[in-house]
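Here's the structure, in structure tokens; my notes come after.
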Amino acid sequence: LSPQEHAEWLTQEFGKWFRSTREVYEREKQLHETNKTLDEISVSELDQPENRRRLAEQASAETANAKKLEALTGNGRDLVKQATKNREFDADRLESWSEKMQTLGRIAQQGMPSVSDKLRQSSRSRGSSAADESAQAPQGPVDDSGLSNLDPADESEEQASSPAKQKLSEALEEQENLLADFAKVADERQEILSSLEASTFVKRLKTASRIQTQIATSFDETLDAGFG
């Protein structure tokens with residue numbers, strides 16, 4: 001491949017890579033929404049086996065998404081490395097792309113594994129710091145239907161004292177932060193990709209124009225020779 005052809009191929013690969021990382025981002029948002037849903041249920045509901053299982057599944061899904069992003073980050077670094085050997089690419093753009101890759105690497109290697117770890121801890125923690133007592137006594141006054149009427153203040157206190165809830169809340173906060181970083185990097189990468197695509201397109205037009213000029217010149221010279 002010529003340097004220009006290689007640049008065009010790499011730009012296409014950068015585009016594919018960007019779309020793959022966007023899929024990871026969208027998957028992370030889906031996981032975050034599920035975590036928010038789990039965080040909104042009561043302590044007693046969170047302590048149910050099916051919700052404990054959902055927390056464990058969320059932790060596993062988070063780990064899988066982190067591994068996918070880590071693999072993509074490695075592929076992205078390889079593309080940047082190849083691009084640095086091609087004079088068709090602007091060094092400043094590649095340096096900016098490399099910086100964004102480092103941010104994604106930190107998200108994949110530190111941020112997402114931390115979220116996964118806290119979700120797993122939540123799935124294994126006690127629903128309440130006073131779980132034994134709550135199992136033996138009704139929580140708050142009981143109405144005629146036999147259901148416990150828990151005062152909102154007591155419910156808030158119960159949630160704050162729940163190890164499972166605390167770990168889930170910590171996971172949510174960390175996930176919100178990494179999603180914000182992810183979104184910022186995605187927007188900046190899109191700008192860089194657009195500039196790369198525009199640059200290779202302009203260079204392709206210039207090359208096509210030069211070739212057409214050369215053909216026209218050669219044709220004119222052939223005609224002049226034929227009628228000379």
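Sequence positions, counted from 1, serve as the residue numbers for this chain.
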With a 3.5 Å distance limit and no angle check, can you tell me whether [X] reaches the backbone of [Y] through a side-chain donor-acceptor pair?
| X | Y | result |
| --- | --- | --- |
| S114 | G111 | no |
| R52 | S125 | yes |
| S122 | K118 | no |
| N35 | L31 | yes |
| S116 | M112 | no |
| K165 | D39 | yes |

E45-N51 side chain donor-acceptor pair, cut-off 3.5 Å: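 The criterion, which ignores hydrogens and geometry beyond distance, is not satisfied for N51 and E45.
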
Pair Q175, E62: side-chain N/O donor-acceptor within cut-off below 3.5 Å: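 Distance-only check passes for Q175 and E62.
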
Atom pair [atom1] ([X]) and [atom2] ([Y]), whose distance is rounded to the nearest 0.5 Å:
| X | Y | atom1 | atom2 | result |
| --- | --- | --- | --- | --- |
| L168 | E40 | CG | CD | 10.0 Å |
| S96 | M101 | OG | CE | 10.0 Å |
| T84 | W97 | OG1 | CH2 | 14.0 Å |
| Q166 | S162 | CD | OG | 7.0 Å |
| H32 | T37 | NE2 | OG1 | 10.0 Å |
| F14 | Q82 | CZ | CD | 8.5 Å |

Side-chain heavy-atom pair E13, N75 within 4.5 angstrom cut-off: no

Any L55 side-chain heavy atom under 4.5 Å of L46 side chain: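 Result yes, sub-4.5 Å side-chain heavy-atom pair found.
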
Side chain to side chain donor-acceptor pair (under 3.5 Å) partners of [X], counting only residues at least two apart:
| X | result |
| --- | --- |
| E99 | none |
| R106 | T103 |
| E70 | none |

Under the side chain to side chain contact (heavy atoms under 4.5 Å, CB included) test, residues paired with P3 that sit two or more places apart: N86, R87, E88

Pairs meeting criterion salt bridge (charged side-chain N to carboxylate O under 4.0 Å, His left out) with involvement of residues 71-81, two or more places apart: none

Qualifying ring pair (Phe, Tyr, Trp, His ring centres under 6.0 Å) pairs, either residue in residues 38-81, two or more places apart: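 The answer is none; no pair qualifies.
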
Sole residue of Q58, E170, R124, E57 in side chain to side chain contact (heavy atoms under 4.5 Å, CB included) with L119: Q58

N65 and its side chain to side chain contact (heavy atoms under 4.5 Å, CB included) partner, picked from E23, Q30, E28: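 Only match with N65 under side chain to side chain contact (heavy atoms under 4.5 Å, CB included): E28.
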
Mind listing the closest non-hydrogen atom pair of [X] and [Y] along with its distance?
| X | Y | answer |
| --- | --- | --- |
| Y25 | A183 | OH-CB, 3.4 Å |
| F182 | T21 | CZ-O, 3.7 Å |
| W17 | L104 | CH2-CD1, 3.8 Å |

Shared hydrophobic cluster, I41 / L172 (ILVMFWY, side-chain heavy atoms < 4.5 Å): no

Common cluster, V24/L178, ILVMFWY with side-chain heavy-atom separation under 4.5 Å: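 Linked within one cluster.
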
